[in-house]
*Asks:* 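Following this message is one structure expressed as structure tokens.
Here, residue 1 is the first one in the sequence, and each next residue gets the next number. Hydrogens, waters and symmetry mates are skipped; everything else that's a heavy atom, side chains included, is used. Counting starts at 1 for both ligands and their atoms, in listed order.
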Amino acid sequence: MAPTILVTGGAGYIGSHTVLQLLLRDFRVVVVDNLYNSSETSVQRVKELATQSGRNLSFHKLDLRDGPALEKLFLSTRFDAVIHFAGLKAVGESVQKPLLYFDNNINGTISLLKVMANHGCKKLVFSSSATVYGWPEKVPCTEESPLVATSPYGRTKLVIEEMCRDQYCADPEWKIILLRYFNPVGAHPSGYIGEDPHGIPNNLMPFVQQVAVGRRSALTVYGTDYSTNDGTGVRDYIHVVDLADGHIAALHKLDESSIGCREYNLGTGKGTSVLEMVKAFEKASGKKIPLVMSGRRPGDAEMVYAAIEKAARELKWKPKYGIEEMCRDQWNWASKNPYGYGSPRNNH
Ligand code: NAD
Ligand code: UFG
């Protein structure tokens with residue numbers, strides 16, 4: 001029988017792309033999501049893209065903090081492993097509403113781990129983030145670089161990583177992989193699924209995409225005086241389909257004996273500045289992106305990119321796409337779905 005994977009937050013941006021890759025590789029997938037930051041349409045579209053394998057996907061609208069509902073799900077289905085994406089991710093909002101983030105991200109994870117433990121499901125892949133490296137003293141960031149929280153959001157990632165390490169120490173039968181994502185961008189090449197943030201986008205590429213389709217007038221460039229080639233911030237952008245494939249590699253790793261609790265960076269190992277990214281998007285879309293040069297955004301690091309040798313060596317995973325493909329696929333999604341999964345009236 002094909003392994004059955006529980007995917008929390010599977011209606012969201014990274015989750016939906018990962019669910020599709022899982023289905024295409026013949027896994028059975030159960031998605032739970034409270035749809036706080038997503039729409040069930042993404043699940044429906046993944047089902048369609050997966051064609052025949054779409055029948056191996058089921059969806060439950062459920063909040064992870066609802067222990068009894070999770071318990072009921074685990075009673076009805078035996079899961080081979082869990083991929084845990086569900087969480088809130090807006091850095092700025094987390095500074096305004098720290099308790100919302102601690103409650104949702106940390107309590108949601110505790111609730112999930114408790115039910116997994118009750119049912120002897122001890123294989124977990126967790127969505128951590130490059131945010132755990134803060135403003136790194138040295139780049140590239142390796143998995144051994146110092147960890148620091150620079151926002152309540154980042155603190156939730158650090159706390160959950162520590163919880164996972166503690167859980168493994170308490171019960172060495174657990175196998176846990178903590179994936180530290182760098183900057184996921186782009187969309188599935190079909191243009192049928194992609195990122196659809198509610199409200200004003202915080203992140204660079206969703207904002208650029210909304211300028212390109214005429215929903216916003218200009219991109220504000222936060223910081224032009226960094227010690228980088230052109231003065232703008234440098235990040236490690238990774239195609240969301242490469243990132244999704246990294247989860248399949250991690251699931252295979254969980255089949256090895258005694259892996260313990262391990263961390264892996266998922267990035268490309270290459271840094272790209274804001275202006276370089278805008279230029280690549282303009283080329284891919286044929287659209288001019290008007291810019292407003294502005295001061296630095298509080299809390300932003302100058303330059304962040306990943307060392308990816310550990311993932312390449314141990315997960316046998318390497319990214320396939322560069323920024324050209326990331327921008328091509330981002331534009332394909334944006335031009336086909338200028339209002340994401342919604343209608344103009346639902347998006348501001
Ligand atoms: P997303 O918001 O698109 O997806 C997260 C999903 O989780 C959403 O569908 C949301 O409705 C759901 N969710 C949130 N809280 C829930 C709860 N309590 N119960 C059930 N469902 C819940 O975000 P994404 O970009 O796909 O990110 C997925 C994960 O990856 C998150 O944990 C995020 O912190 C992490 N991450 C994202 C990035 C990024 O830049 N996108 C970078 C690093 C790490
Ligand atoms: N930027 C702009 N204008 C914008 C948005 C961003 O100039 O409107 C710049 C930022 O200053 C930064 C770069 O574009 O130099 C990337 O910014 P993002 O907000 O897209 O990404 P960050 O690296 O700041 O943070 C993101 C997520 C974090 C996550 C981190 C690493 O928001 O949650 O990637 O994965 F931790």
Side-chain angles (χ1 to χ4, degrees), residues 7-18 31-40 42-43 60-66 69-70 83-92 94 100-101 103-109 111-112 126-134 141 150-151 153-154 156-157 160 179-185 194-198 200-208 210-211 216 218-224 226 228 232-238 240 243-244 265-267 272-275 277-278 291-306:
V7 180
T8 77
Y13 173 46
I14 307 170
S16 56
H17 287 81
T18 304
V31 166
V32 294
D33 198 302
N34 63 3
L35 302 181
Y36 180 89
N37 195 37
S38 51
S39 132
E40 204 177 329
S42 69
V43 181
H60 300 263
K61 182 167 186 275
L62 184 156
D63 192 299
L64 281 189
R65 291 162 294 179
D66 184 348
L70 261 191
I83 305 182
H84 176 30
F85 293 104
L88 302 179
K89 61 165 185 178
V91 176
S94 81
L100 174 72
Y101 275 67
D103 181 32
N104 191 81
N105 294 6
I106 298 179
N107 285 336
T109 304
S111 168
L112 174 68
F126 171 64
S127 303
S128 188
S129 163
T131 194
V132 299
Y133 299 121
C141 303
T150 53
S151 69
Y153 165 71
T156 68
K157 293 296 177 194
I160 295 169
L179 295 177
R180 294 178 180 154
Y181 312 151
F182 281 68
N183 292 60
V185 298
E195 185 169 16
D196 182 22
H198 292 170
I200 301 171
N202 301 299
N203 298 117
L204 178 66
M205 291 314 281
F207 204 103
V208 167
Q210 293 195 3
V211 174
R216 318 238 166 238
L219 169 75
T220 305
V221 176
Y222 295 131
T224 53
Y226 287 113
T228 58
T232 63
V234 165
R235 294 292 184 274
D236 186 339
Y237 297 95
I238 173 168
V240 67
L243 192 68
N265 289 339
L266 294 184
T272 304
S273 74
V274 173
L275 294 183
M277 207 59 190
V278 169
L291 303 178
V292 174
M293 299 307 188
S294 168
R296 297 180 178 194
R297 188 169 64 174
D300 265 359
E302 179 166 272
M303 193 183 296
V304 187
Y305 59 92

*Asks:* One residue to check: E195. Relative to ligand 1, which of side chain, backbone, both or neither has a non-hydrogen atom less than 4.0 Å away?
*Replies:* neither

*Asks:* For ligand 1, does L35 get within less than 4.0 Å through its side chain, its backbone, both, or neither, judged by non-hydrogen atoms?
*Replies:* backbone

*Asks:* Are D103 and R65 close enough for a salt bridge, meaning some N to O gap below 4.0 Å?
*Replies:* yes

*Asks:* Can you find an N or O of A11 that's nearer than 3.5 Å to an N or O of ligand 1?
*Replies:* no

*Asks:* Taking the non-hydrogen atoms of D196, is any one of them nearer than 4.0 angstrom to ligand 1?
*Replies:* no

*Asks:* Just go through N203, L64, I160 and tell me whose heavy atom is the nearest to atom 19 (N) of ligand 1.
*Replies:* L64

*Asks:* I'd like the name of whichever of R235, R180, R216 reaches closest to atom 12 (C) of ligand 2 through any heavy atom.
*Replies:* R235

*Asks:* Could you establish whether R180 and ligand 1 come within less than 4.0 Å of each other, counting only heavy atoms on the residue side?
*Replies:* no

*Asks:* Going by heavy-atom distance to atom 5 (C) of ligand 1, choose the closest among G87, G15, S38, P184.
*Replies:* G87

*Asks:* Just jot down the side-chain hydrogen bond (donor to acceptor under 3.5 Å, both in side chains) partners of T131, sequence neighbours excluded, or say none.
*Replies:* none

*Asks:* Scan side-chain atoms only and decide if T8 and D33 contain a donor-acceptor pair under the 3.5 Å cut-off.
*Replies:* no

*Asks:* Measure up the Y101 and Y153 rings against each other and bin them: parallel (under 30°), tilted (30 to 60°), perpendicular (over 60°).
*Replies:* perpendicular

*Asks:* Looking only at protein heavy atoms, identify the closest one to atom 28 (C) of ligand 2 and say how far it is in Å.
*Replies:* V91 CG2, 4.2 Å

*Asks:* With backbone taken as N, CA, C and O and side chain as the heavy atoms from C-beta onward, which portion of V304 lies under 4.0 Å from ligand 2: side chain, backbone, both, or neither?
*Replies:* neither

*Asks:* Under 3.5 Å between some N or O of ligand 1 and some N or O of F85?
*Replies:* yes

*Asks:* Examine ligand 1 and decide if any of its atoms is less than 4.0 Å from a heavy atom belonging to N183.
*Replies:* no

*Asks:* Closest heavy-atom contact between T232 and Y226?
*Replies:* C-CD1, 3.9 Å

*Asks:* Answer yes when R297 and E302 have at least one side-chain N-carboxylate O distance shorter than 4.0 Å, and no when they do not.
*Replies:* no

*Asks:* Starting from atom 7 (O) of ligand 2, find the nearest protein heavy-atom neighbour and note its residue, name and distance.
*Replies:* Y222 N, 2.9 Å

*Asks:* Tell me, please: is G10 in heavy-atom contact with ligand 1, that is, under 4.0 Å?
*Replies:* no

*Asks:* Of the side chain and backbone of L62, name the one, both, or neither that has a heavy atom under 4.0 Å from an atom of ligand 1.
*Replies:* backbone

*Asks:* Indicate, as side chain, backbone, both or neither, the part of N203 found under 4.0 angstrom from ligand 2 when only non-hydrogen atoms are considered.
*Replies:* both

*Asks:* Nearest non-hydrogen atom to atom 35 (O) of ligand 2 belongs to which of Y153, Y226, F182?
*Replies:* F182

*Asks:* With a 4.0 Å cut-off on heavy atoms, is Y237 touching ligand 2?
*Replies:* yes

*Asks:* So for ligand 1, is S129 a polar contact partner (N or O within less than 3.5 Å, distance only)?
*Replies:* no

*Asks:* With backbone taken as N, CA, C and O and side chain as the heavy atoms from C-beta onward, which portion of N202 lies under 4.0 Å from ligand 2: side chain, backbone, both, or neither?
*Replies:* backbone

*Asks:* Given G12, G108, S128, which has its nearest heavy atom closest to atom 44 (C) of ligand 1?
*Replies:* S128

*Asks:* Under 4.0 Å from a heavy atom of G233: which atoms of ligand 2 are those, numbered in the order shown and with their elements?
*Replies:* 15 (O)

*Asks:* Which of the atoms in ligand 2, numbered in the order shown and given with their element, are less than 4.0 Å from a heavy-atom of V221?
*Replies:* 7 (O)

*Asks:* Under a 4.0 Å heavy-atom limit, does D300 contact ligand 2 with its side chain, its backbone, both, or neither?
*Replies:* side chain

*Asks:* Which residues pass the side-chain contact (heavy atoms from CB on, under 4.5 Å) test with S111, sequence neighbours left out?
*Replies:* L70

*Asks:* For atom 22 (C) of ligand 1, state which one of L243, N37, N34 supplies the nearest heavy atom.
*Replies:* N34

*Asks:* Give the numbers and elements of all ligand 2 atoms closer than 4.0 Å to a heavy atom of S129.
*Replies:* 29 (C), 31 (C), 35 (O), 36 (F)

*Asks:* Test your reading of the model: is there a side-chain donor-acceptor pair from T150 to the backbone of G299, 3.5 Å cut-off?
*Replies:* no

